[in-house]
Amino acid sequence: MECKLIRPTDLDEALAAREEYTDGLPIAGGQSLLVMMRNRLISPGALIDLEPVEALRGIEVQSTGISIGAMNTCRQLIASPVLREEVGVLPSAARQVSSTAVRNLGTIGGNVCHNEPGADLPPVLLALNGRAVLRRRTHGREVPLEEFFTGYFETALEADEILCRIDIEHPNAAGVYLKHAISPEDLAIVGVAAVVVPDSERPGAVAEARIGIGGAAPVPLRASRTEAALKGAVLDEETARAAGELASTEVDTGSDPHASAGYRRKMVAVFVRRALLHAANQMMGNGHGAA
Amino acid sequence: MADDYRVIGTPVVRPDGAEMISGQAVYGPDVTQPGMLWGKILRSPLPHARIRSIDVEKARALPGVTVISAHDVPDRRYGYAIEDEQIFAVEKVRYAGEPVAAAAAPDEERALEALSLIDVEYEELPAVFTAAEGARDGAPLVHEELGPARSVYLASWNPVPGTNIIHQASHHRGDVDAALARADYVFEDTFHASQIHHCYMEPHATLASVRGSEVTVWTCSQEVFQLRTLLAGLFAIPESRMRVINTKVGGGFGGKIEPRLEPVAVALSMHSRKPVKMVMTRAEEFTAAAGSTPATVTVKTGVMKDGTLAARDIDFLWDTGAHAEGLPPSNRAMKDGNGPYRVHDLRISSTLVYTNKMRGTQLRGLGVPEGAFAIESQMDMIAERLGMDPLELRLKNILQEGDINSIDDVVQSIGLQECLESVAREIGWGEPKPPNVGRGLAVIAKSPTTHSSISAAYVQFNEDGSAQVLVGASEIGQGMTVVMCQIAAEVLGLPVEQVGISSADTATTPYDRGTFSSRVTFYTGMAVKIAAEDARNQLLDVASRMVEIPREDLAVAEERVVSPVHPELSLTFREVLERAHTSERPILGRGTYGGKGDYPTLPHKAQRKEYVPGWKYAAQAVEAEIDEETGIIRVRRIASAHDVGKSLNPTSVDGQIVGGVVMGLGYALHERLQFDNGRIVNPSFMDYKIPSSQEIPEIAPIAVEVPLPEGPFGAKGIGELAIVGIAPAIGNAIHQVLGVRLKELPLFPERVLEAVESQRKDHGG
Ligand SMILES: Cc1cc2nc3c(=O)[nH]c(=O)nc-3n(C[C@H](O)[C@H](O)[C@H](O)COP(=O)(O)OP(=O)(O)OC[C@H]3O[C@@H](n4cnc5c(N)ncnc54)[C@H](O)[C@@H]3O)c2cc1C
């Protein structure tokens with residue numbers, strides 16, 4: 001089957017092409033898309049190359065948070081001084097994505113739009129209150145990532161839309177991402193991101209703890225009941241353990257060749273506990289910033 | 001004899017290294033021929049089904065396409081040991097993945113399109129998916145008739161007609177039952193090794209070209225001569241018209257021994273009258289090529305209070321899938337099943353069962369890994385019960401020089417104790433360690449390949465005094481070519497760069513049984529050494545006539561003929577060759593070598609004590625960190641010591657050890673083909689995990705050198721053993737930390753955790 005390669009020079013052209021080629025798909029790093037094509041899981045009629053589109057690049061600090069262009073590669077996330085300084089948990093998760101080759105080409109936008117179970121960036125971006133900034137030719141919209149990840153390999157992205165940026169909150173927080181995979185370059189069996197916001201009034205307590213979980217379930221999710229239970233808590237061993245147990249009941253785990261649903265559930269408990277304690281330690285160590 | 005070799009024992013860089021790392025090497029998938037077509041196979045989607053009808057008419061209507069099925073090919077069964085296979089399924093399919101039809105077309109897309117137009121109507125049949133199910137009375141039969149066996153196997157072939165048991169073997173010495181009754185303790189445990197895949201980087205790739213009455217097959221094979229015999233027989237043409245040329249082989253590990261694409265490619269080429277190329281996809285590799293032959297192993301060991309092994313009864317149940325390529329490992333267990341231990345009263349039995357799955361075949365270690373996991377795990381269980389150090393228990397019972405081994409071979413030139421002591425030292429056995437860190441040991445042995453293990457070599461001098469080696473063995477990445485060049489160079493007094501080599505082309509190189517079972521360095525190496533000596537002697541004969549000095553007073557050194565008696569003599573090889581090529585005759589050395597020794601199951605072998613050279617010994621030790629909460633095992637260090645006789649090329653030896661250890665790590669921790677009703681559900685590297693560079697621990701390869709007098713410069717084989725002991729050693733390390741014994745491979749986190757939890761339950765926790 002024929003597959004056309006479209007190379008737009010700017011976002012408007014890309015959006016026009018997106019509208020025109022109804023059987024087309026944007027291609028970013030190609031790390032997931034080309035594998036899918038090769039395995040004949042999809043056969044798009046056109047590929048719209050986002051590589052030349054300047055508007056999808058850059059990492060900008062804004063008053064409310066940080067705006068990350070969809071075409072930033074994992075390698076660029078790792079190398080960004082701003083991210084390292086402000087939200088170390090994101091580059092730290094990017095560093096845990098697969099191998100050097102995949103990190104050099106795979107983008108944050110592609111990672112999020114592909115929404116593969118076990119991908120490393122979604123749980124972290126969820127815990128950072130990330131929002132997907134989407135555009136179609138005529139207008140744009142913003143979708144909180146919790147609503148963006150709709151199903152197994154499914155997102156809220158419409159067939160004529162492009163994900164332009166991901167905006168995350170400027171957190172005064174500590175954050176940790178822990179990954180459990182068969183081999184370090186695999187998708188996570190369980191990946192847990194914990195972001196804790198210190199309570200400025202009560203030293204040692206957390207105003208808020210946000211937990212993103214990937215891998216365990218078909219769709220990455222926020223452990224919202226656990227988060228609610230942790231509001232204002234002091235994160236000691238006991239609290240963290242209880243939080244882990246609670247989080248494991250929030251996840252609708254599944255089985256695959258790598259692990260059973262039961263094992264995944266247990267690992268959610270372990271890794272949520274470990275991530276929270278880790279983040280709490282970090283918070284006590286340097287107040288915020290996250291490593 | 002201290003080493004006064006020039007070339008032997010030095011880290012000569014392999015001559016094919018540069019082309020391999022620069023991407024110039026021509027592997028199977030790289031071969032092309034003008035006008036060639038691409039072939040693709042239509043495979044059964046069902047594990048067991050009657051074929052009601054095959055309709056290829058729509059597919060044949062496509063322009064430029066050749067389509068064939070069982071009607072279009074010889075109605076002949078084939079197989080190296082048991083002839084239980086046909087090119088395409090006849091009447092019924094026996095596993096999901098079995099070839100049913102094939103198409104050749106100018107490009108792969110068109111060939112696939114043709115396959116999609118073939119209609120096959122199946123009627124599903126009840127199936128068996130495990131050896132235990134298959135061996136049960138009244139189980140559905142995978143093959144209604146068993147056999148026939150190729151003649152070389154007839155003597156020891158023992159099927160059970162009317163069942164799925166294609167072979168049963170048993171080796172019995174002494175009075176096992178009485179010895180077990182006398183023993184202070186008796187241990188009985190059952191272990192299971194999963195089916196793994198060879199995971200060679202290069203997929204199977206074949207190009208077949210039929211021109212007139214000549215058939216040429218380019219393929220990546222471990223045994224070109226065996227393959228030629230099989231193909232010639234299958235298509236009823238003389239072997240002289242069937243030429244098999246080996247491409248560079250990107251890894252074999254036992255998976256490229258028996259035919260895969262070759263019969264189909266030849267048939268497609270015969271029908272299309274064009275060269276036909278075929279390359280397997282990775283999914284085909286995982287679902288239709290072959291895997292290891294998995295086994296359930298029950299070991300009963302009688303032990304005396306002082307730790308002496310009194311008796312052993314070992315029972316192997318092998319699952320060979322739909323074809324009996326598991327026969328060699330199941331037979332090998334007769335020799336190797338007991339490991340390198342002194343046990344007089346011994347019984348080993350082995351049952352090979354058909355099931356409706358992709359076949360099991362040979363895989364690096366040839367049945368030794370499955371047995372060693374059982375034996376070496378149980379050794380630690382015994383040590384624990386006796387309150388003995390596992391190292392001490394092994395030292396007490398391992399074979400020593402002069403012992404009689406499990407099959408009545410007399411043990412000679414064995415460096416096993418030194419191997420064991422050196423890995424223990426290297427891993428820090430007995431030294432303090434954190435509570436979450438465990439250390440484990442294993443000792444292993446493998447018998448030589450004796451059964452028709454024959455090799456031939458030519459060594460020819462070129463006109464400029466350089467030399468050419470011709471061998472029929474396959475270079476499969478292991479570095480055979482550099483070692484053969486070193487052997488010839490050492491004998492001929494040439495720098496190694498002056499020796500060239502051609503290998504594995506049935507039309508131009510002499511016969512060799514092929515590359516498997518760690519046999520090439522020893523057997524092909526000896527053939528090369530003998531051929532080189534022959535060539536050197538012929539060269540000295542010519543020189544002797546030229547300078548009128550008796551041959552006994554002449555020698556070779558640095559591309560010259562010299563004489564200790566006449567220090568002034570200096571004659572270059574080039575001068576001698578000029579004489580030979582103008583007024584005498586070309587210099588062509590010839591060497592042949594054959595193994596001796598037999599299976600204990602053969603009647604004439606029974607209880608006959610003999611010395612059989614070439615047994616291989618090794619010891620391995622691991623240190624692993626274990627996370628009790630998650631079951632994650634992080635192997636930190638591995639030491640692997642091998643009695644190589646003589647390390648002909650230390651770089652190659654290290655490479656074989658490190659590669660084998662890493663493969664053993666995958667076998668131990670991750671690798672298994674997973675099935676759902678006979679279908680493989682993880683046929684990709686995303687879902688079938690092999691170790692990645694990021695998780696490979698520090699590895700200390702150790703070569704112990706106890707020379708083998710019959711081997712080339714004292715060398716033994718090294719190819720396989722490094723895979724064998726890693727799994728039990730890790731299992732032993734896990735036990736040390738968690739107190740749980742895992743009896744099923746692989747040892748992946750979930751399984752480790754389950755074992756911990758069930759132990760807690762047992763202890764009422
Ligand atoms: C061997 C391997 C191992 C991997 N391991 C991991 C891992 O451990 N952790 C992990 O997180 N990921 C892993 N990945 C996935 C990797 O991170 C991918 O790169 C990523 O998921 C996709 O990014 P990409 O830029 O390559 O996207 P592409 O492959 O180009 O695209 C993926 C999908 O997203 C769509 N898309 C891309 N960008 C946009 C956009 N801006 N707007 C709209 N749609 C868009 C495409 O149309 C396509 O459907 C692995 C991939 C491989 C090949």
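Lettering follows sequence order; numbering is per chain, from 1. Bear in mind that the values here come from a model prediction, so they are computed numbers and not experimental data.
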### Atom pair CZ (A:R274) and CG (B:D627), whose distance is rounded to the nearest 0.5 Å
4.0 Å

### Query
For A:D252, does the CG atom sit with more than 12 other heavy atoms under 6.0 Å from it, leaving out its own atoms?
no

### Message
Does A:R75, at its CZ atom, have more than 12 non-hydrogen atoms belonging to other residues, nucleotides or ligands within less than 6.0 Å?
### Response
no

### Message
Heavy-atom cut-off 4.5 Å, strictly under: side chain, backbone, both or neither for A:R264 against chain B?
### Response
neither

#### Entry: Interchain contact, B:Q674 with chain A, by part (heavy-atom threshold 4.5 Å)
side chain

### Task
For chain B, find which of A:K266, A:H258, A:M267 contributes the most heavy-atom pairs closer than 4.5 angstrom.
A:H258

#### Entry: Leading residue by heavy atom contact count with chain B [cutoff under 4.5 Å; candidates A:V270, A:D256, A:N39]
A:V270

### Message
Can a donor-acceptor pair be found, under 3.5 Å and without considering hydrogens, that links the side chain of B:E695 to the backbone of A:S183?
### Response
no

## Note on the structure
Among B:N682, B:I632, B:L669, B:I690, the residue with the most heavy-atom pairs under 4.5 Å to chain A is B:I632

### Query
Does B:R751 offer a backbone N or O that forms a donor-acceptor pair with the side chain of A:Y263 under 3.5 Å?
no

### Atom group of A:I189 that falls short of 4.5 Å from chain B, counting heavy atoms
neither

### Query
So which of B:R672, B:R282, B:E750 has the largest heavy-atom pair count under 4.5 angstrom toward chain A?
B:E750

## Note on the structure
Whatever's closer than 4.5 Å to a heavy atom in chain A on B:E757 counts as side chain

### Summary
Under 4.5 Å to a heavy atom of chain B? For A:T100 that would be neither

### Summary
Between A:H180 and B:P749 the two heavy atoms that sit nearest each other are CE1-CG, 4.3 Å

### Query
Do NZ/NE/NH1/NH2 and the carboxylate oxygens of B:E109 and A:R40 come within less than 4.0 Å?
yes

### Summary
If one checks every heavy atom of B:I633 against chain A at 4.5 Å, the contacting part turns out to be neither

### Query
So with a 6.0 Å cut-off around NE2 of A:H114, is the heavy-atom count from everything else above 12?
yes

#### Entry: CZ/B:F685: more than 12 non-hydrogen atoms of other groups inside 6.0 Å
yes

### Message
As an exercise, state the distance from CD of B:Q694 to CG of A:D186, rounded to the nearest 0.5 Å.
### Response
9.5 Å

### Residues B:T281, A:R38; criterion side chain to side chain contact (heavy atoms under 4.5 Å, CB included); working and verdict
CA-CA 11 Å; B:T281 63; A:R38 209 192 142 97; over 6 Å; no

